Q: 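The structure that follows is given in the form of C-alpha cells.
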Amino acid sequence: MAESGTASDWKPDGETMCPYRLVLEHVTSRWGVLVLIRLLERPHRFSELRRAISEVRPVSEKMLTQTLQTLERDGMVHRDAKPVIPPRVDYSLTEIGREAAEQVQGLALWTQKRMDDVARARRAYDEARV
C-alpha cells in the first residue's frame with residue numbers, strides 16, 4: 001500500500017505487488033492462519049502449539065517448523081530459545097503479528113458466521129449448472 005495506507009491507494013502492479021502477495025500468502029496459508037490464531041491466545045512451546053493445531057488439522061513437525069520460520073522471517077512471530085536443559089523454545093506474536101492475527105481471526109469469524117449463506121450460494125450455483 002502507499003504510505004497513507006488507504007485501500008484506494010493500493011494499486012497492484014507486477015513487481016510491486018509481489019511483496020504484498022507473498023506476505024498475504026504466508027498469513028493466509030493453511031498453517032499460517034492456524035498458527036496466528038492460536039498464538040493470539042498466548043505464547044506456546046513448539047510441542048503444545050503442534051498439539052493445539054492438530055486438534056483442528058494434523059500438522060507435521062516439518063510443516064509447523066517451516067511455517068514458524070516463515071512467519072518469524074516476516075516479523076510476525078518471535079522465537080525465544082532459552083539456554084536450559086532440556087531446551088525450551090517459546091513462540092509468541094510480535095506487534096505486527098498480533099495485528100495480522102486479529103485480522104485473520106476476524107476473517108475466520110466472518111467466514112464462520114456467513115457459512116450458511118456461502119453454502120446456499122454454492123447449492124444455487126451447482127443446481128443452475130446441472
Side-chain angles (χ1 to χ4, degrees):
M1 273 193 227
E3 286 190 31
S4 67
T6 64
S8 62
D9 293 334
W10 188 60
K11 295 183 175 49
D13 65 312
E15 196 171 312
T16 355
M17 173 58 183
C18 289
Y20 302 130
R21 184 176 54 216
L22 194 55
V23 172
L24 276 171
E25 286 176 12
H26 297 164
V27 169
T28 61
S29 71
R30 173 186 305 183
W31 307 118
V33 168
L34 296 174
V35 165
L36 290 171
I37 289 175
R38 190 55 69 167
L39 289 178
L40 193 53
E41 297 170 1
R42 63 175 177 81
H44 283 72
R45 293 175 75 171
F46 183 88
S47 57
E48 68 180 350
L49 183 58
R50 184 171 179 214
R51 276 192 304 273
I53 289 172
S54 291
E55 290 174 6
V56 178
R57 177 175 229 150
V59 61
S60 70
E61 189 172 315
K62 179 183 176 185
M63 277 310 307
L64 182 55
T65 298
Q66 287 176 350
T67 300
L68 286 165
Q69 287 173 343
T70 299
L71 293 172
E72 183 182 7
R73 183 172 183 259
D74 287 346
M76 311 258 173
V77 168
H78 174 70
R79 181 182 186 271
D80 183 21
K82 295 181 176 31
V84 295
I85 299 185
R88 179 183 172 111
V89 179
D90 292 308
Y91 293 92
S92 60
L93 293 175
T94 63
E95 184 180 332
I96 67 167
R98 180 164 296 285
E99 194 176 319
E102 288 169 351
Q103 297 294 321
V104 168
Q105 184 178 48
L107 183 58
L109 291 171
W110 174 85
T111 304
Q112 184 178 16
K113 177 181 163 188
R114 300 300 293 208
M115 198 59 221
D116 289 343
D117 297 320
V118 171
R120 272 193 297 281
R122 287 177 175 174
R123 278 193 304 276
Y125 179 89
D126 292 344
E127 288 168 6
R129 298 266 181 226
V130 176

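This one's a predicted model, so the numbers in the text were calculated from it and none came from an experiment.
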Q: Just to verify, what does Arg51 make a side-chain contact (heavy atoms from CB on, under 4.5 Å) with, not counting sequence neighbours?
A: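 By the side-chain contact (heavy atoms from CB on, under 4.5 Å) rule, Arg51 matches Ser47, Glu48.
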Q: Just to verify, which of Ile37, Val33, Val35 counts as forming a side-chain contact (heavy atoms from CB on, under 4.5 Å) with Ile53?
A: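 Between Ile53 and the candidates, side-chain contact (heavy atoms from CB on, under 4.5 Å) is satisfied uniquely by Val35.
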Q: Side chain to side chain contact (heavy atoms under 4.5 Å, CB included) for Arg30 and Val59? Distances and angles first, verdict last.
A: CA-CA 10 Å; Arg30 173 186 305 183; Val59 61; over 6 Å; no
Q: Could you state the interatomic distance from CG (Leu22) to CD (Glu25), rounded to the nearest 0.5 Å?
A: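 If I round to the nearest 0.5 Å, the distance is 6.0 Å.
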Q: Mind listing the closest non-hydrogen atom pair of His26 and Leu71 along with its distance?
A: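 Closest approach of His26 to Leu71, heavy atoms only: O-CD2, 4.1 Å.
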Q: Any chance you could lay out the side chain to side chain contact (heavy atoms under 4.5 Å, CB included) test for Trp31 and Leu68, step after step, and finish with the verdict?
A: CA-CA 9 Å; Trp31 307 118; Leu68 286 165; over 6 Å; no
Q: I'd like to know if Val89 and Leu39 are part of one continuous hydrophobic network [Ile/Leu/Val/Met/Phe/Trp/Tyr, side-chain heavy atoms within less than 4.5 Å].
A: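 In one cluster: yes.
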Q: Which atoms form the tightest heavy-atom contact between Ala101 and Leu93, and what is the distance?
A: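 Smallest heavy-atom distance, with atoms named: CB-CD1, 3.7 Å.
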Q: Can you name the residues that form a salt bridge (Lys or Arg N to Asp or Glu O under 4.0 Å) with Glu41, not counting sequence neighbours?
A: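 Expected list: Arg38.
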Q: Can you list every salt bridge (Lys or Arg N to Asp or Glu O under 4.0 Å) pair that touches residues 93-109, not counting sequence neighbours?
A: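 Salt bridge (Lys or Arg N to Asp or Glu O under 4.0 Å) check on residues 93-109 returns no pairs.
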Q: Are more than 12 heavy atoms from other residues, nucleotides or ligands located less than 6.0 Å from atom NZ of Lys113?
A: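 At most 12 heavy atoms, drawn from other residues, nucleotides or ligands, come within 6.0 Å of this atom.
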Q: Side chain to side chain contact (heavy atoms under 4.5 Å, CB included) for Leu64 and Glu61? Distances and angles first, verdict last.
A: CA-CA 5 Å; Leu64 182 55; Glu61 189 172 315; over 6 Å; no
Q: Please determine if Asp126 and Arg123 form a salt bridge, counting it only when a charged side-chain N lies under 4.0 Å from a carboxylate O.
A: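 Here Asp126 does not pair with Arg123 in a salt bridge, since their nearest N and O are not under 4.0 Å apart.
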Q: Could you measure the distance from the CG atom of Leu40 to the CD atom of Gln105? Nearest 0.5 Å is fine.
A: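 Leu40 CG to Gln105 CD: 5.0 Å, rounded to 0.5 Å.
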Q: Identify the heavy atoms of Ser29 and Gly32 that sit nearest to each other, and give their distance.
A: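 Closest approach of Ser29 to Gly32: OG-N, 2.9 Å.
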Q: Which value, rounded to the nearest 0.5 Å, describes the distance between Leu49 atom CG and Ser92 atom OG?
A: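 One gets 11.0 Å once the value is rounded to the nearest 0.5 Å.
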